[in-house]
Amino acid sequence: MNVAFLGLGVMGFPMAGHLHRAGVDLRVYNRSPEKAQRWNDEYAPLAAASVADAVSDRDVVAVCLGADEDVREVLCGADGVFAHLPAGGVVVDHSTTSAELARDMAAAAAESGHQVIDAPVSGGQAGAEAGKLTVMAGGDADAFSRIEPVLQCYAARYRRLGETGSGQLAKMVNQICIAGLLQGLSEAMHFGQQAGLDMAAVVDVIGAGAAQSWQMDNRAATMLQGEFDFGFAVDWMRKDLRYVLDEARRQSVSLPVTALVDQFYAQVQNLGGGRKDTSSLLLALQASQAKAQD
C-alpha cells in the first residue's frame, strides 16, 4: 500500500510523521508552503508540489484539513484528489466537517471511481504526537478494512460506526460531551477560587471520585495557572459546534447546554481568546466576575 497525506497542520504533521516512521511509502502535500517546508526540513522524501503530484499513483489518500470548504476544494477541485487519484483509490478524511459534506464527498467520489471514509479524530495535538488518537469512521466496510493498516500507525482506537456520515456524527457526540464537561469544570474551578479554596488540593481529592474526567486530569492544573495554550483552539471548537447545532436543527433535536456553551466560547473570542485552547471558558467567567465587581 502507498499513501498520500494532505494537510500538515497541528494534527496532520505528526500523523504523517508516524506513517513515515512506520516505513509507509508516503507522499505529503500542504497548501501553505511554510508547513511543507517544515516537513522538508524534518523528513524525507520532500513534500509534493501539488495535489496531483502527491496522489497520482497512490492507493490511499489521507486528508486532514480545516472545514467543509477546504475539503471540498482539495477533493473536488479541477486539480483535486478525485481528478488525479487512480480509480479504485480510497480517501480517508480525518477533517472534522458536517455529515452533509461527508455524504456529498462520498457521492462525488463514486462518480470518479473512488471511495471516501469520513474518519474524524479525537485526542488533540498530544494524541496525534503520541500516535494515540481515536478515529470514528463512517463508510463502506470493505474500504474501511483497506485503510486499517494506515490507521494503526497513529490511532490507539478506531472503529467503523456505520454508513457514510456516521464518523462525523460520532465526532459531534464527542464535541457535545467535551463542551459540557469543560463548562462544568470551568464553573467548578471559578466557584472554588472565589470561595477561597486551595483548588489544587480540591482537584487532587475529587479527581479520585465521581467528578474525575480526562479534562480534569489534563486541564484543571493549567486552568488554575492561567495557561491556555494546548493545541485545540476556541475558533476550531466553535466551527465544530456550528456543525453540531446545524445538524441538531435538521434533526429537530434540542441541545440547550451545547448552544449555551457555544455562546460562552463566543465571549472568549470577543475577549481575544480565539486561539486559546478550549479550557479557556474559565476566562469568560472571570471576565463576568470582574465586570460585576466594577
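Heavy-atom basis, side chains included; hydrogens, waters and symmetry copies ignored. Since we're looking at a predicted model, the values are computed, not measured.
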message: Tell me every residue that passes side chain to side chain contact (heavy atoms under 4.5 Å, CB included) with S32, counting only those two or more places apart in sequence or in another chain.
response: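 For S32, the residues satisfying side chain to side chain contact (heavy atoms under 4.5 Å, CB included) (neighbours in sequence not counted) are N30, E34, K35.
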
[X] [atom1] to [Y] [atom2] distance, which is reported to the nearest 0.5 Å:
| X | Y | atom1 | atom2 | answer |
| --- | --- | --- | --- | --- |
| Q251 | L169 | CD | CG | 6.5 Å |
| L182 | S213 | CG | OG | 8.0 Å |
| T278 | W236 | OG1 | CH2 | 14.0 Å |
| L8 | M15 | CG | CE | 11.0 Å |
| Y265 | L283 | OH | CG | 11.0 Å |
| Q37 | D41 | CD | CG | 4.5 Å |

message: Can you confirm whether the side chains of Y158 and Q152 place a donor and an acceptor under 3.5 Å from each other?
response: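 Side chains of Y158 and Q152: pair found under 3.5 Å.
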
If you group Ile, Leu, Val, Met, Phe, Trp and Tyr by side-chain heavy-atom gaps below 4.5 Å, do [X] and [Y] land in one group?
| X | Y | answer |
| --- | --- | --- |
| M223 | V234 | no |
| V121 | F144 | yes |
| V173 | V253 | no |

Show the nearest heavy-atom pair for residues [X] and [Y], with the distance to one decimal.
| X | Y | answer |
| --- | --- | --- |
| L161 | A170 | CD1-CB, 3.4 Å |
| V268 | A284 | CG2-CB, 4.0 Å |
| P149 | C153 | O-SG, 3.6 Å |
| L133 | A128 | CD2-N, 3.5 Å |
| A155 | V135 | CB-CG2, 3.7 Å |
| S56 | P86 | O-CG, 3.2 Å |

query: salt bridge (charged side-chain N to carboxylate O under 4.0 Å, His left out): which pairs involve residues 251-262, sequence neighbours left out?
result: R238-D262

field: Pairs touching residues 52-67 that satisfy salt bridge (charged side-chain N to carboxylate O under 4.0 Å, His left out), sequence neighbours left out
entry: D25-R58, R27-D57

Residue list, side chain to side chain donor-acceptor pair (under 3.5 Å) with [X], at least two apart or on another chain:
| X | answer |
| --- | --- |
| D229 | none |
| N218 | none |
| E148 | none |
| Q293 | none |

task: List the steps, then state whether side-chain contact (heavy atoms from CB on, under 4.5 Å) holds for Y243 with D68.
output: CA-CA 10 Å; Y243 295 143; D68 281 24; 3.0 Å; yes

message: When you compare the side chain of V24 with that of V150, does any pair of heavy atoms fall below 4.5 Å?
response: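 In short, these two side chains do not touch, never coming nearer than 4.5 Å.
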
message: I'd like to check F5 versus V28 (side-chain heavy atoms, cut-off strictly below 4.5 Å). Are they in contact?
response: yes

Show which side-chain atoms of residues 188-200 pair as donor or acceptor with protein atoms under 3.5 Å away, not counting sequence neighbours.
residue	atom	partner	partner atom	Å
H190	NE2	Q289	OE1	3.3
D198	OD1	A200	N	3.3
D198	OD1	A201	N	3.3

message: Assess the residue pair D70 and R31 against the criterion (side-chain contact (heavy atoms from CB on, under 4.5 Å)); give the C-alpha distance rounded to whole Å, side-chain angles, the decisive distance to 0.1 Å, and a yes or no.
response: CA-CA 10 Å; D70 302 306; R31 290 176 295 173; 3.4 Å; yes

message: Starting from L75 and following side-chain heavy-atom contacts under 4.5 Å between hydrophobic residues (I, L, V, M, F, W, Y), which residues can be reached?
response: L6, Y29, V51, V55, V61, V63, L65, V71, V74, V81, F82, L85, V91, L101, M105, V116

- prompt: Which side-chain hydrogen bond (donor to acceptor under 3.5 Å, both in side chains) pairs, counting each pair once, include a residue from residues 160-188, with sequence neighbours left out?
  reply: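 For residues 160-188, and leaving out neighbouring residues, the side-chain hydrogen bond (donor to acceptor under 3.5 Å, both in side chains) pairs sorted by first residue read T96-K171, T97-Q168, S122-N174, R160-E163, Q175-D240, Q183-E187.
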
query: Donor-acceptor pair, H18 side chain versus Y154 backbone, under 3.5 Å?
result: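 Absent.
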
task: Spell out, as yes or no, whether a donor-acceptor pair under 3.5 Å connects the side chain of D217 to the backbone of G207.
output: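 Checking the backbone N and O of G207 against the side chain of D217, no donor-acceptor pair under 3.5 Å is found.
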
query: W214 and L181: side-chain contact (heavy atoms from CB on, under 4.5 Å), yes or no, with the steps?
result: CA-CA 9 Å; W214 187 97; L181 281 169; over 6 Å; no

- prompt: Got a salt bridge between E247 and R250, using NZ or NE/NH1/NH2 to carboxylate O under 4.0 Å?
  reply: yes

query: When you check the gap from the basic side-chain N to the acidic O, do R249 and D246 get nearer than 4.0 Å?
result: yes

field: Which residues share a ring pair (Phe, Tyr, Trp, His ring centres under 6.0 Å) with W39, sequence neighbours left out
entry: F13, Y43

statement: Residue set satisfying ring pair (Phe, Tyr, Trp, His ring centres under 6.0 Å) with F230, at least two apart, ordered chain then number -> none

message: Evaluate Q267 against S288 for side-chain contact (heavy atoms from CB on, under 4.5 Å), listing each step before the verdict.
response: CA-CA 10 Å; Q267 293 178 24; S288 295; 4.3 Å; yes

